[in-house]
Amino acid sequence: MAEPAVETLIDRNSGRPWPWHFRASKSFMPTPAFVTDDPEAEVAAALAGLGYAQLANYLVRDEHLQAGRLVEVLASDAPAPWPVSVCRSSRSPMPPRVKLVFDRMAEALGTAREFEAS
């Protein structure tokens, strides 16, 4: 039986594919059928049915899941979320436009599904 097609994201710093991570520190280095350094292109390839992909939560839109265009597999083996911090200098006043972006990022990172690139 043929292995299913796999998509992977390239680490722009090393030029190597990112390994897939799973719960309990298990990792897997797939042999990809599709390689990109653009996370949105990886999502587009998954939506086009090119293969399996391990996608960051914020890239997966609820409407794709609800419509069945994306299907979550191995949910019980999903890795724990990575901690993310939004930091800024407190030494100078923050311009309103920077505060708006800072507040929006902090809000969106608190609930990844709410993040929408615009």
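Not measured: the values here are computed from a predicted model. Only heavy atoms go into these numbers, but all of them, side chains included; no hydrogens, no water, no symmetry mates.
Of the possible donor and acceptor atoms, none in the side chain of Arg23 sits under 3.5 Å from a partner among the backbone N and O of Pro79. Not one N or O on the side chain of Glu7 forms a donor-acceptor pair closer than 3.5 Å with the backbone of Pro32. No donor-acceptor pair closer than 3.5 Å links the side chain of Glu42 to the backbone N or O of Thr36.
Two different hydrophobic clusters hold Val71 and Leu50 under the rule that ILVMFWY side chains link at heavy-atom gaps under 4.5 Å.
The salt bridge (charged side-chain N to carboxylate O under 4.0 Å, His left out) test applied to Asp103 returns Lys99, not counting sequence neighbours. Residues satisfying the side-chain contact (heavy atoms from CB on, under 4.5 Å) criterion with Ala44, sequence neighbours excluded, are absent altogether. Every side-chain contact (heavy atoms from CB on, under 4.5 Å) that Ser14 has, sequence neighbours left out, goes to Asp11, Arg16. Scored by the side-chain hydrogen bond (donor to acceptor under 3.5 Å, both in side chains) test, His64 finds Arg69 as partners (sequence neighbours excluded). Evaluation of the side-chain contact (heavy atoms from CB on, under 4.5 Å) rule for Ala56 yields Tyr58, Leu59 as partners, not counting sequence neighbours.
Listed by first then second residue, pairs satisfying salt bridge (charged side-chain N to carboxylate O under 4.0 Å, His left out) with a partner in residues 28-37 read Arg12-Asp37, not counting sequence neighbours.
Taking 4.5 Å as the limit, some side-chain heavy atom of Gln54 sits within range of a side-chain heavy atom of Phe22. No side-chain heavy atom of Ile10 sits less than 4.5 Å from a side-chain heavy atom of Trp18.
The distance from the OG1 atom of Thr8 to the OH atom of Tyr52 is 15.5 Å, given to the nearest 0.5 Å. For the atom pair Asp77 CG and Trp20 CH2, the distance stands at 12.5 Å (nearest 0.5 Å). Once rounded to the nearest 0.5 Å, the distance linking CG of Leu55 with CD of Glu72 reads 10.5 Å.
Considering all non-hydrogen atoms of both residues, Leu47 and Leu70 come closest at CD2-CG, 3.7 Å.
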